[in-house]
Amino acid sequence: MTLDQKLELLIGLAGDDRDGAPGSPAALPPRLRHANDSGALRPLNIRDLRVPGKGKVSLMRILMTNACSFNCHYCPMRRDRDMPRTLLKPEELVRIFLEAYHRGWCSGLFITTGIPGRPVKVMDDLIQVLELLRDKHRFTGYIHVKMVPGGQTAQIERLTALASRVSLNLEAPCGSSLVQIAPEKNLDTSLASLEQARRSVTRERAERRDGKIGDPLRPGGASGMTMQFVVGATRDSDRALLGRVTDLYARGGIHHAHFSAFRPIRDTPMEHTPETPVLRENRLYQADYLLRQYGFSADEVVFDDTGNLPLGTDPKTSWALAHPERFPVEVRTAAYEELVRVPGIGPGSARRIVAERGATVISGLADLRKMGVVTTRAAGFLTLNGKRLQTVTWTEQLGLWGPADNAGVPRRTYSVSPGTFR
């Protein structure tokens with residue numbers, strides 16, 4: 001069975017068989033009969049993800065509704081856009097997910113939603129979904145919920161207590177730029193909701209460290225908040241984005257940030273705004289990873305004159321090229337903290353080098369490749385027994401234009417955004 005066939009079958013399960021055979025168009029309520037139409041922002045998606053230490057994980061992603069009372073200039077779900085609208089009720093969403101779960105099509109759930117009315121009502125619906133799954137159906141697996149800003153404190157605490165992870169779409173790093181693309185939204189409201197959820201996460205973690213027994217229906221506990229930014233929809237620089245991110249990380253309870261490159265959507269006020277290169281999104285993820293996993297501080301990230309990350313080199317290489325005094329690094333004696341800053345050497349390969357070099361003879365690039373080193377990037381920054389492994393530190397990208405120029409790429413508009421299910 002293809003993915004499209006699976007999703008069509010699952011949507012059919014939301015129908016009322018009193019009006020026709022289950023799965024037939026007549027069985028579906030009007031709010032779901034156009035769920036599979038082109039441009040309808042299909043409410044279901046199944047993605048295979050690779051999770052470190054757990055291998056492949058299949059996650060069902062469900063958009064509870066694409067109806068929204070907000071009129072954000074960039075969003076495919078904006079209020080004034082003419083498109084088919086769908087709405088899954090909490091019981092229907094649970095039925096669909098459990099059917100896919102019991103068939104082995106997915107192992108976890110991600111829920112996101114538009115905001116078709118008061119945030120308090122939307123939060124109640126999200127909580128009802130989680131209570132049905134946790135309390136009634138005893139589901140103990142992974143559930144990620146994208147909450148909406150403006151919920152009540154008790155709602156945010158309840159949602160955080162039921163979910164494995166909660167996230168919030170901040171959209172922009174500062175309020176003055178957010179109002180340019182979402183005039184009906186307020187960044188302070190979003191940050192207040194995020195702060196309430198963050199406090200719940202950190203409190204639970206502290207209680208578990210102190211020996212409090214965890215909830216058996218959520219054995220993994222809270223794995224932290226995430227937040228999302230739309231990159232390029234405003235003029236905010238990468239420096240501003242990462243500045244906001246590092247400030248939020250410093251308070252604890254935040255797992256990571258999501259970055260979604262702006263994509264112009266048909267029939268929106270921003271449909272003629274140039275698309276943001278996906279490479280810019282990738283560079284932000286790379287810089288964010290340096291901050292979270294490699295021990296880099298925010299003031300070590302290298303930006304260009306506009307405050308953005310260079311697109312021609314990844315952030316780690318940009319830092320290495322800006323600090324020639326730190327290289328080359330000697331493979332046989334360098335500390336982990338030095339090795340992990342070499343382009344092409346990640347935390348895992350740095351740990352392997354340190355652990356194995358005392359008992360293993362490292363004779364050249366082939367041995368380093370076996371340890372996970374990307375030698376095409378690392379060789380120019382390393383010495384082995386005092387001898388450089390490669391004389392050229394970095395091969396500049398070839399081409400007639402730089403990646404920032406986006407030359408030769410036709411202007412396009414889209415029906416959906418890559419950030420819908422993030």
Side-chain angles (χ1 to χ4, degrees), residues 1-14 23 35-36 38 40-64 66 76 86 88 92-113 126 129-130 133-134 137 139-147 162-167 169 218-231 255-261 263 278-279 281-286 288-289 292-293 346-349 372 374 414-422:
M1 184 179 290
T2 67
L3 177 59
D4 283 345
Q5 289 172 328
K6 291 178 181 178
L7 299 179
E8 191 167 346
L9 183 150
L10 292 171
I11 280 291
L13 294 175
N36 293 319
S38 175
L41 294 182
R42 295 183 64 173
L44 305 182
N45 181 285
I46 298 176
R47 285 254 336 249
D48 289 334
L49 307 174
R50 292 204 169 273
V51 179
K54 296 183 179 180
K56 189 177 77 170
V57 175
S58 292
L59 199 64
M60 166 156 276
R61 303 179 177 204
I62 297 182
L63 177 64
M64 181 178 276
N66 62 8
T86 63
L88 285 166
E92 295 168 341
L93 190 155
V94 169
R95 188 186 315 148
I96 286 171
F97 168 69
L98 289 177
E99 181 67 23
Y101 175 71
H102 291 314
R103 287 172 179 252
W105 294 347
C106 62
S107 57
L109 175 63
F110 175 98
I111 312 170
T112 186
T113 183
L126 292 172
V129 170
L130 268 66
L133 286 171
R134 297 297 196 202
H137 297 284
F139 177 70
T140 61
Y142 179 84
I143 303 177
H144 184 157
V145 180
K146 182 174 283 189
M147 69 177 185
L162 292 165
S164 308
R165 182 174 294 167
V166 290
S167 60
N169 189 359
R218 200 182 51 143
S223 57
M225 285 284 304
T226 66
M227 62 260 184
Q228 181 181 341
F229 297 92
V230 183
V231 180
H255 189 273
H256 67 278
H258 281 294
F259 304 99
S260 181
R263 176 180 285 182
V278 175
L279 184 56
E281 174 187 313
N282 293 340
R283 294 292 185 238
L284 281 163
Y285 274 116
Q286 290 169 335
D288 177 67
Y289 205 68
R292 291 188 295 112
Q293 301 292 333
S349 51
V374 182
Y414 300 83
S415 300
V416 297
S417 165
T420 301
F421 282 111
R422 292 186 184 179

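On a predicted model such as this, the values are computed, not experimentally measured, just so you know.
Residues Met1 and Trp105 are in side-chain contact: their nearest non-hydrogen atoms beyond the backbone lie under 4.5 Å apart. Counting heavy atoms from C-beta on, the side chains of Lys6 and Leu44 never come closer than 4.5 Å. The shortest distance between side-chain heavy atoms of Pro43 and Met64 does not fall below 4.5 Å. Leu88 places a side-chain heavy atom less than 4.5 Å from the side chain of Ile62. Counting only heavy atoms from C-beta outward, the side chains of Phe97 and Cys106 approach each other to under 4.5 Å. In this structure, Met60 and Leu10 have side chains that are in contact, with non-hydrogen atoms separated by less than 4.5 Å. A heavy-atom distance below 4.5 Å is found between the side chains of Arg134 and Ile143. Here the side chains of Leu109 and Tyr101 are not in contact, with every heavy-atom distance at 4.5 Å or above.
If you take CG on Asn45 and CG on Leu3, they are separated by 7.0 Å, rounding to the nearest 0.5 Å. The line from CG of Leu9 to CD of Gln5 is 9.5 Å long, rounded to the nearest 0.5 Å. In this structure, the separation between CG on Asn169 and OG on Ser260 is 8.5 Å, given to the nearest 0.5 Å. The NZ atom of Lys146 sits 13.0 Å away from the CE atom of Met227 when rounded to the nearest 0.5 Å. Here CE of Met147 is found 14.0 Å from CD1 of Ile111. Values are rounded to the nearest 0.5 Å. Within the model, atoms OG1 of Thr86 and CD1 of Ile11 stand 7.0 Å from one another, a figure rounded to the nearest 0.5 Å.
Relative ring orientation between Phe229 and Phe259 is described as parallel, the plane-to-plane angle staying below 30° on a 0-90° scale split at 30° and 60°.
Nearest heavy-atom pair, Val57 versus Ser107, reported as atom, atom and distance to 0.1 Å: CG1-OG, 3.3 Å.
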query = Could you go step by step and tell me if His144 and Ser164 meet the side-chain hydrogen bond (donor to acceptor under 3.5 Å, both in side chains) rule?
reply = CA-CA 6 Å; His144 184 157; Ser164 308; over 6 Å; no
key: His258/Tyr285 under side-chain hydrogen bond (donor to acceptor under 3.5 Å, both in side chains): CA gap, chis, key distance, verdict   = CA-CA 8 Å; His258 281 294; Tyr285 274 116; 3.3 Å; yes
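Remark: the Arg165 side chain and the His255 side chain contain an N/O donor-acceptor pair separated by less than 3.5 Å.
Here the two rings, on Tyr142 and Phe110, have centers that are 6.0 Å apart or farther.
By the side-chain contact (heavy atoms from CB on, under 4.5 Å) test, Leu98 is found to be paired with Val94, His102, Leu133, His137, residues two or more places apart in sequence or in another chain being considered. Applying the side-chain hydrogen bond (donor to acceptor under 3.5 Å, both in side chains) test to Arg103 and every residue at least two apart in sequence or in another chain returns Glu99.
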